[in-house]
Amino acid sequence: MLTLFTKRVLLVMANIPEGKVLTYGRVAALAGKPSGARQVSRLLHSMSEKYHLPWHRVVNSHGKISLRPSQGYELQKALLESEGVEFSQKDIIDLRIYLWTDRV
DNA sequence: CCACTGACTACTT
DNA sequence: CAAGTAGCCAGTG
């Protein structure tokens, strides 16, 4: 039984354009729950595989990948770089450039 | 229904 | 800037 919030998260996820990223909090906000960041991460865990979502386009509020090395970190970074997202020396994404603002 | 987990975030030390 | 803490709430058993 999925909640409306969950369904909206799936919608938002599916609409992130290539080369752009969203923070967990931003996804949650767009889905209707500004404080639902943790739920987004929880959802990605259980839904990303079953709904083949572009989970790699979601990073934390600091513009960094939240996964730990050998837990998907390298994979996510590789996927983002292949879409044109650049990482700083400290593996930080410049959200001023790559954060998706939902505006076209 | 209760307890626990979690890829978060903002705030405080 | 790093580490700790409280609030957050859906999914799972």
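Here is how names work: the chains are called A, B, and so on, in the same order as the sequence lines, proteins then strands, and each is numbered from 1.
- In this structure, the side chains of A:Lys77 and A:Ile65 come closer than 4.5 Å at one or more pairs of heavy atoms.
- The span of DNA chain B lying next to chain A, judged by atoms under 4.0 Å from heavy atoms, is bounded 5' to 3' by B:dT5 to B:dA10.
- Rounding to whole angstrom units, NZ of residue A:Lys64 and P of C:dC1 are separated by 10 Å.
- In this structure, a donor-acceptor pair under 3.5 Å is absent between the side chains of A:Tyr24 and A:Gln39.
- Look at OH on A:Tyr24: it is 18 Å from P on C:dA10, rounded to the nearest Å.
- Heavy atoms of A:Leu43 sit under 4.0 angstrom from primed sugar atoms or phosphate atoms, though from no base atom.
- A residue-by-residue look at A:Gly36 and A:Lys90 shows that A:Lys90 has its nearest nucleotide of DNA chain C further toward the 5' end.
- There is no path of hydrophobic side-chain contacts, each under 4.5 Å, that joins A:Val40 to A:Leu11.
- Using a cutoff of 4.0 Å between basic side-chain nitrogens and carboxylate oxygens, A:Lys64 and A:Asp91 are not scored as salt-bridged.
- In this structure, A:Ser48 reaches the bases: a heavy-atom distance under 4.0 Å links it to at least one base atom across the strands shown.
- Here C:dT5 presents its C1' atom at 11 Å from CZ of A:Arg38, a figure rounded to the nearest Å.
- Taking atom CG of residue A:Leu4 and atom P of nucleotide C:dG11, one finds them 11 Å apart after rounding to whole Å.
- Taking 4.5 Å as the limit, some side-chain heavy atom of A:Met13 sits within range of a side-chain heavy atom of A:Ile16.
- Taking atom CZ of A:Arg42 as the reference point, atom C1' of C:dC8 lies 14 Å away to the nearest angstrom.
- Residue order along DNA chain C, read from the 5' end via each residue's closest nucleotide, puts A:Gln39 first among A:Gln39 and A:Ser46.
- Residue contacts shown for A:Met47 are absent, as no nucleic acid heavy atom lies under 4.0 Å away.
- Cluster membership check: A:Val9 shares its hydrophobic cluster with A:Tyr51, using side-chain heavy-atom separations under 4.5 Å among Ile, Leu, Val, Met, Phe, Trp and Tyr.
- As rounded to whole Å, 10 Å separates atom C1' of C:dC8 from atom NZ of A:Lys33.
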**OP:** Please assess A:Val58 against A:Val21 for the test side chain to side chain contact (heavy atoms under 4.5 Å, CB included), listing each intermediate value before the final yes or no.
**Re:** CA-CA 6 Å; A:Val58 184; A:Val21 300; over 6 Å; no

